[in-house]
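Predicted model, so just to flag it, every value in this text is computed and none were measured.
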Amino acid sequence: MPEYVAPLRDMQFVIKELGGLDIVGRLPGCEEVTPDLVDAVLEEAGRFATGVLSPLNQPGDRAGARLEDGVVITPAGFKDAYRQFREAGWPALNGDPQFGGQGLPHLLSGMVSEIWNGANMSFCLCPMLTTGAVNAILRHGSDGQKNIYLEKLISGEWTGTMNLTEPQAGSDLSAVRARAIPEGDHYRIHGTKIFITYGEHDFVENIVHLVLARTPDAPDGVKGISLFVVPKFLVNPDGSLGARNDVRCVSIEHKLGIHASPTCVMAYGDNEGAIGYLVGEENRGLEYMFTMMNFARLEVGIEGIAVAERAYQRARDYAQERVQGREAGVRGGERVTIIHHPDMRRMLMTMKAQVEAMRALGAAACIALDVAHRHAEREERARQQALFDLLTPVVKGWCTELSIQIASMGVQVHGGMGFVEETGAAQHLRDARITSIYEGTTGIQANDLIGRKVAAEKGMTAKAVIAQITAFDRELAGASDPALIVIRRALSEGVAALNEATDWLLQTYPYNIKAASAGAVPYLELWGTVAGGWQMARAALLAKQRIEAGSTDLHFYQGKLATARFYAEHVLPRAYACKQAIVHGSASVLALDAAQF
């Protein structure tokens with residue numbers, strides 16, 4: 001069975017040719033991020049993914065993680081893979097150099113994250129959450145907390161988790177009940193948290209939990225939540241590990257997918273109380289946790305891209321090998337591989353085009369994040385932060401929803417064999433399914449988009465992006481190539497639909513939130529579809545220029561141009577349907593009362 005192979009050529013194209021590296025490479029601290037460095041990092045990551053992580057993916061899915069006497073044991077090979085991962089320095093890729101990190105930009109580390117998740121998503125959930133914990137402590141922790149935890153988290157010697165959800169609360173964090181009782185320089189934490197990814201495992205000695213809980217005098221609702229660092233083992237003043245803290249894994253979930261990743265129920269304070277240390281100020285925990293969560297939302301979007309790419313690769317390889325039927329319109333011909341059948345081409349092109357659009361849009365979000373964190377001018381940092389904030393729910397929601405569709409299409413390409421676990425296609429569908437739920441469901445992302453990211457700022461950033469897409473039409477206007485003419489027309493129609501839907505939303509939201517919310521998910525899909533089409537149009541124009549300049553890589557650029565045209569003809573038309581549902585469909589969404597369902 002073929003292993004995952006990192007799509008290095010498309011990644012290099014997105015980073016180095018679509019305009020990302022020339023922007024990021026000028027930022028403070030990124031001066032040494034050269035094209036050669038990008039190639040070296042991606043190629044080495046690809047080798048590690050293919051040689052170490054990918055071969056563990058299917059066996060890990062079959063074996064799963066297991067809990068024995070309070071200890072979570074990961075599948076065979078995972079612990080050693082993590083040792084190699086850490087020794088190679090991968091956890092420190094974009095960590096702060098002050099604490100031992102390599103300080104590389106998100107544009108590059110995001111592509112590397114796609115490689116890891118494409119090879120083995122279950123494995124990669126652990127370092128992803130650790131990076132989120134690093135970000136939260138770096139932004140909001142005390143100097144003492146930074147000195148104790150950051151170097152060992154960034155190096156991968158310790159790992160981190162995010163503890164939000166409780167059995168009675170679900171996504172409603174205002175219902176969090178975990179208690180934090182002050183005691184000298186620390187607190188005693190009591191409560192239960194569920195769905196804690198890698199809350200317990202055998203990779204490392206210490207796990208650093210970031211936990212939401214309420215102090216005794218905290219106000220009700222989300223305003224009364226505080227954030228605490230709760231290590232599995234307490235840390236002595238010299239940095240060595242001390243006593244075991246009063247926190248333990250009491251069970252692990254039996255899930256549809258990602259079986260090799262332990263999803264834990266964590267009990268805090270069953271005995272004397274788990275010792276925790278306040279991060280920042282009391283009652284600002286949700287604000288601090290969103291530092292971790294927003295990074296995680298971007299990463300989950302990248303997981304969606306990664307699983308979709310893996311599903312596409314498996315479907316493509318199967319279609320190139322599976323012999324069945326004769327080519328349409330050819331009498332008496334030889335039996336052919338199924339990739340010769342038009343409907344197989346349609347499915348594979350749908351998968352390929354959408355993955356490439358998702359990857360380019362994810363890179364655009366990473367560029368915005370890099371500029372927001374590193375640019376010398378405050379106004380530009382603020383502008384790019386607003387852009388990143390707008391794109392985050394789109395990347396998270398649109399890419400993960402598409403990953404499910406693409407993985408399902410991968411099963412369809414395999415036919416009956418896709419429904420058989422041994423082919424591996426079904427695992428990608430099962431693994432992809434969690435991505436649209438992780439870190440807030442698609443509905444939560446969509447409501448965040450229409451409320452906090454569009455209506456709250458009266459559409460300023462959304463309109464700025466729409467204007468930028470519209471302005472790109474001038475670059476396409478002089479094109480005589482048939483593919484570019486088709487792409488221009490489709491993108492123009494798509495951005496017009498996005499603009500009309502945004503105007504309707506801005507007019508409706510202030511006085512009828514229910515009506516606006518009824519179209520929130522279609523609005524998120526509309527944004528992804530059009531913004532992805534914009535990136536594909538940019539790629540197509542660049543590919544055409546490379547072809548005309550006599551590039552020696554004609555195979556790649558011709559394929560990019562054809563794929564972009566397919567996206568314009570088969571995917572961008574969905575924008576009109578989304579707009580119609582948003583602008584005209586809210587009444588029917590709300591037509592029935594609860595008893596009529």
Notebook entry, point to check: Would you call Val41 and Leu37 a side-chain contact if the rule is heavy atoms closer than 4.5 Å?
Noted result: yes

I'd like to know if the side chain of His140 pairs up with that of Thr291 as donor and acceptor (distance under 3.5 Å, no hydrogens or angles considered). yes

Within the side chain of Arg66, is there an N or O that forms a donor-acceptor pair under 3.5 Å with the backbone of Ile73?
no

Q.
Can you tell me if Glu32 has over 12 outside heavy atoms packed within less than 6.0 Å of its CD?
A. no

Polar side chain donor-acceptor pair, Ser261 to His201, under 3.5 angstrom
no

Sorted by chain and residue number, the side chain to side chain donor-acceptor pair (under 3.5 Å) partners of Tyr268 (sequence neighbours excluded) come out as Asn163

- Is there a side-chain contact between Val235 and Tyr149, using heavy atoms and a 4.5 Å cut-off? yes

Hits for side chain to side chain donor-acceptor pair (under 3.5 Å) against Gln445, two or more places apart or cross-chain, chain-then-number order -> none

Check your understanding: Going by an N to O cut-off under 4.0 Å, is there a salt bridge joining Arg62 and Glu421?
Key -> no

Is it the case that Thr392 and Asn294 place a side-chain donor and acceptor less than 3.5 Å from each other? no

- Query: Sub-3.5 Å donor-acceptor pair from the side chain of Arg244 to the main-chain atoms of Phe233, do we have one?
  - Reply: no

**Message:** Quick one, Glu200 with Lys232, criterion salt bridge (charged side-chain N to carboxylate O under 4.0 Å, His left out). Give me CA distance, side-chain angles, the key distance, then yes/no.
**Reply:** CA-CA 9 Å; Glu200 173 64 32; Lys232 176 180 175 180; 2.9 Å; yes

Check the surroundings of atom CG in Asp238: do more than 12 heavy atoms from other residues, nucleotides or ligands lie under 6.0 Å from it? yes

**Test side chain to side chain donor-acceptor pair (under 3.5 Å) applied to Thr34 and Asp36, step by step** = CA-CA 5 Å; Thr34 63; Asp36 288 343; 5.2 Å; no

Q) Is any side-chain heavy atom of Ile15 closer than 4.5 Å to a side-chain heavy atom of Gln12? A) no

- prompt: Can you tell me if His186 uses its side chain to pair, donor with acceptor, with the backbone of Pro182 under 3.5 Å?
  reply: no

Sorted by chain and residue number, the ring-ring contact (aromatic ring centres under 6.0 Å, His included) partners of Tyr312 (sequence neighbours excluded) come out as none

The side chain to side chain donor-acceptor pair (under 3.5 Å) partners of Asp143 (sequence neighbours excluded) come to none

Residues at least two apart in sequence or cross-chain that pass ring-ring contact (aromatic ring centres under 6.0 Å, His included) with His190, listed by chain then number, are none

Do Phe78 and Leu53 have side-chain heavy atoms sitting under 4.5 Å apart? no

Sequence neighbours excluded, the answer for ring-ring contact (aromatic ring centres under 6.0 Å, His included) partners of Trp158 is none

Flag the pair His373 / Arg381 as yes when at least one side-chain heavy-atom distance between them is below 4.5 Å, and no otherwise. no

Taken in chain and number order and not counting sequence neighbours, the residues that satisfy side chain to side chain donor-acceptor pair (under 3.5 Å) with Arg214 are none

Which class fits the ring pair Phe203 and Tyr198: parallel under 30°, tilted 30 to 60°, perpendicular over 60°? tilted

*Is it the case that more than 12 heavy atoms not belonging to Gln384 sit under 6.0 Å from its CD atom?*
yes

Table please: side-chain donor-acceptor pairs of residues 221-228 below 3.5 Å, with sequence neighbours left out.
unit_1	atom_1	unit_2	atom_2	d
Ser226	OG	Asn283	N	2.7

query: Within a strict 4.5 Å, meaning less than it, do heavy atoms of the Trp527 and Leu390 side chains meet?
result: yes

> Does the Ser403 side chain pair with the main chain of Thr400, one donor and one acceptor, at a distance under 3.5 Å?
Replying inline: yes

Can a donor-acceptor pair be found, under 3.5 Å and without considering hydrogens, that links the side chain of Lys396 to the backbone of Gly440?
yes

Taking the six-membered ring for Trp, are Trp90 and Phe48 parallel (under 30°), tilted (30 to 60°) or perpendicular (over 60°)? tilted

| Within the side chain of Lys152, is there an N or O that forms a donor-acceptor pair under 3.5 Å with the backbone of Asn206? | no

One should read off an interatomic distance between Tyr4 OH and Asn120 CG, to the nearest 0.5 angstrom, of 11.5 Å

| query | Quick one: are Met358 and Leu402 in side-chain contact, heavy atoms under 4.5 Å? | reply | yes

side-chain contact (heavy atoms from CB on, under 4.5 Å) test vs Thr161 passes for just one of Leu129, Thr130, Leu210, Ile207, namely Ile207

Discussion item. Contact between Asn94 and Pro105 at the side-chain level, heavy atoms closer than 4.5 Å - yes or no?
Written reply: no

Residue pairs passing the salt bridge (charged side-chain N to carboxylate O under 4.0 Å, His left out) test with at least one member in residues 287-309, sequence neighbours excluded, are Arg284-Glu287, Glu309-Arg359

Heavy-atom closest pair (Ala425 atom, Gly410 atom, distance to 0.1 Å) is CB-O, 4.4 Å

**Q.** Check ion pair Arg188-Asp246 (N to O, under 4.0 angstrom)
**A.** no

For Ala267 and Val250 the tightest heavy-atom approach is CB-CG1, 3.7 Å

Rounding to 0.5 Å, atoms CG (Asn57) and CZ (Arg310) come to a distance of 5.0 Å

Between the OH atom in Tyr277 and the OG atom in Ser142, the distance rounded to the nearest 0.5 Å is 11.0 Å

Quick one: do the Thr263 and Glu253 side chains pair a donor with an acceptor below 3.5 Å?
no

Between the CE atom in Met128 and the CD1 atom in Ile302, the distance rounded to the nearest 0.5 Å is 9.5 Å

Step-by-step salt bridge (charged side-chain N to carboxylate O under 4.0 Å, His left out) determination, Asp39 to Lys16: CA-CA 10 Å; Asp39 289 344; Lys16 297 191 294 185; 2.8 Å; yes

- Message: I'd like to know if the side chain of Lys193 reaches the main chain of Leu164, judged simply by a donor and an acceptor atom lying under 3.5 Å from each other, with no hydrogens or angles considered.
- Response: yes

Is a side-chain N or O of Thr74 found less than 3.5 angstrom from the main chain of Ala65, in a donor-acceptor match? no

Contacts satisfying salt bridge (charged side-chain N to carboxylate O under 4.0 Å, His left out) that involve residues 432-449 (not counting sequence neighbours) are Asp448-Arg452, Asp448-Lys453

With sequence neighbours left out, the residues meeting ring-ring contact (aromatic ring centres under 6.0 Å, His included) with Phe295 are none

Side chain to side chain donor-acceptor pair (under 3.5 Å) between Glu87 and Tyr82, intermediate numbers included: CA-CA 8 Å; Glu87 289 175 354; Tyr82 185 82; over 6 Å; no

With sequence neighbours left out, the residues meeting side chain to side chain contact (heavy atoms under 4.5 Å, CB included) with Asn147 are Phe99

The reported gap from OG in Ser109 to CD1 in Ile115 (rounded to nearest 0.5 angstrom) is 11.0 Å

Value for CZ (Phe123) from CG (Leu56), rounded to nearest 0.5 Å, stands at 8.5 Å

>> Using a 6.0 Å cut-off, check whether atom CZ of Arg177 has over 12 heavy atoms from anything other than its own residue.
In response: no

